[in-house]
*Asks:* 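Here it is, the structure in full.
A quick note: this is a predicted structure, and the numbers were derived from the prediction, not measured. Only heavy atoms go into these numbers, but all of them, side chains included; no hydrogens, no water, no symmetry mates.
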Amino acid sequence: QVQLEESGGGLVQPGGSLRLSCAASGRIFSTNVMGWYRQAPGEERELVATITSGGRTNYADSVKDRFTISKDNAKNMVFLQMNTLKPEDAAVYYCNALMRSTISAPWSEYWGQGTQVTVSS
């Protein structure tokens with residue numbers, strides 16, 4: 001079983017920055033993709049950014065040029081640097097990963113518990 005634990009959320013003023021971290025632990029043989037999603041109250045959960053094992057990234061249009069996703073393969077961690085935050089970025093941010101525990105195991109999707117990001121003056 002794999003656990004994902006997010007950290008780094010909090011309250012920030014508009015225009016400010018935050019850096020989210022997600023650490024994966026447990027039985028991990030390999031990772032296909034890791035990413036961040038967010039969900040605001042009353043809204044659907046939406047993709048923010050993803051990064052593949054090879055380093056290819058994908059961003060939602062709303063965060064391009066403001067957010068940067070990165071990873072540390074050795075530590076099974078993924079990060080989200082969020083700059084120039086806007087009130088509409090406020091949400092619970094969830095870490096997501098597609099991993100497998102052995103070479104022959106199927107890929108399984110995992111979610112963290114989420115970390116709150118509040119953008120307000």
*Asks:* Name all pairs fulfilling the salt bridge (Lys or Arg N to Asp or Glu O under 4.0 Å) condition that reach into residues 66-78, sequence neighbours left out, sorted by first residue then second.
*Replies:*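 Only Arg66-Asp89 qualify under salt bridge (Lys or Arg N to Asp or Glu O under 4.0 Å).
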*Asks:* Quick one: does any side-chain atom of Glu6 pair with a main-chain N or O of Gly114 as donor and acceptor, under 3.5 Å?
*Replies:* yes
*Asks:* Compare all side-chain heavy atoms of Asn76 with those of Thr31 and state whether any distance is below 4.5 angstrom.
*Replies:*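 SC-SC contact between Asn76 and Thr31 confirmed.
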*Asks:* According to the disulfide (SG to SG under 2.5 Å) rule, which pairs have a member within residues 39-93, sequence neighbours left out?
*Replies:*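 Disulfide (SG to SG under 2.5 Å) check on residues 39-93 returns no pairs.
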*Asks:* Would you say Gln113 has more than 12 foreign heavy atoms packed within less than 6.0 Å of its CD?
*Replies:* no
*Asks:* Under 4.5 Å between any side-chain heavy atoms of Tyr94 and Leu20, yes or no?
*Replies:*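 No, every pair of side-chain atoms sits at 4.5 Å or beyond.
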*Asks:* Stepwise, does the side chain to side chain contact (heavy atoms under 4.5 Å, CB included) test hold for Gln81 with Ser70?
*Replies:* CA-CA 8 Å; Gln81 178 66 43; Ser70 61; over 6 Å; no
*Asks:* Over 60° means perpendicular and under 30° means parallel, so classify the ring planes of Trp111 and Tyr37, tilted if in between.
*Replies:*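 Perpendicular.
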*Asks:* Once rounded to the nearest 0.5 Å, what's the spacing between atom CG of Leu80 and atom CZ of Phe67?
*Replies:*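 Nearest 0.5 Å value for the CG-CZ distance: 6.0 Å.
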*Asks:* Answer yes or no: is there a side-chain heavy-atom contact under 4.5 Å between Glu109 and Asn96?
*Replies:*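 Yes; the side chains approach each other to less than 4.5 Å.
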*Asks:* For the atom pair CE (Met77) and SG (Cys22), what is the distance rounded to the nearest 0.5 Å?
*Replies:* 7.5 Å
*Asks:* Locate the shortest heavy-atom distance separating Gln3 from Gln1; write the atom from each residue and the value.
*Replies:* NE2-CG, 3.6 Å
*Asks:* Please name the pair of heavy atoms, one in Ala90 and one in Ala40, separated by the smallest distance, quoted to 0.1 Å.
*Replies:*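 Looking at all heavy atoms of both residues, the shortest contact is O-CB, 3.8 Å.
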*Asks:* Flag the pair Val33 / Asn58 as yes when at least one side-chain heavy-atom distance between them is below 4.5 Å, and no otherwise.
*Replies:* no
*Asks:* State, yes or no, whether a side-chain contact exists between Met99 and Met34 at a heavy-atom distance under 4.5 Å.
*Replies:* yes
*Asks:* Taking atom CD as the centre, does Glu88 end up with more than 12 heavy-atom neighbours from other residues, nucleotides or ligands that are less than 6.0 angstrom away?
*Replies:* yes
*Asks:* When clusters are formed by joining ILVMFWY residues with side-chain heavy atoms under 4.5 Å apart, either directly or through shared neighbours, do Tyr59 and Tyr93 land in the same one?
*Replies:*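 Both belong to a single hydrophobic cluster.
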*Asks:* If every non-hydrogen atom of Ala24 is compared with every non-hydrogen atom of Val2, which pair is closest and at what distance?
*Replies:* CB-CG1, 4.5 Å
*Asks:* Give a yes or no answer on whether the side chain of Tyr110 reaches the backbone of Cys95 with a donor-acceptor pair at less than 3.5 Å.
*Replies:* no
*Asks:* Measure across Pro14 and Ser120 and return the closest heavy-atom pair with its distance rounded to 0.1 Å.
*Replies:*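 Smallest interatomic distance, heavy atoms only, reads CD-C, 3.6 Å.
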*Asks:* Taking only distance into account, with no hydrogens and no angle test, what donor-acceptor pairs under 3.5 Å do side-chain atoms of residues 45-53 form with protein atoms, sequence neighbours excluded?
*Replies:*
unit_1	atom_1	unit_2	atom_2	d
Glu46	OE2	Arg38	NE	2.7
Glu46	OE2	Arg38	NH2	3.2
Thr52	OG1	Gly54	N	3.3
Thr52	OG1	Gly55	N	3.3
Thr52	OG1	Arg56	N	3.0

*Asks:* Hey, are the side chains of Trp107 and Ser30 touching, using non-hydrogen atoms and a 4.5 Å cut-off?
*Replies:* yes
*Asks:* Rounded at 0.5 Å granularity, tell me how far OG in Ser101 sits from CD1 in Ile28.
*Replies:*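 It comes to 10.0 Å.
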*Asks:* Could you pull out the closest heavy-atom pair between Ile69 and Trp36, with the gap in Å?
*Replies:* CD1-CD1, 3.8 Å
*Asks:* Any side-chain heavy atom of Ser21 sitting closer than 4.5 Å to one from Phe79?
*Replies:*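 Yes, at least one pair of side-chain atoms sits under 4.5 Å.
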*Asks:* So, for Leu18 and Leu85, which heavy atoms are closest and what is the spacing to 0.1 Å?
*Replies:* N-CD1, 3.8 Å
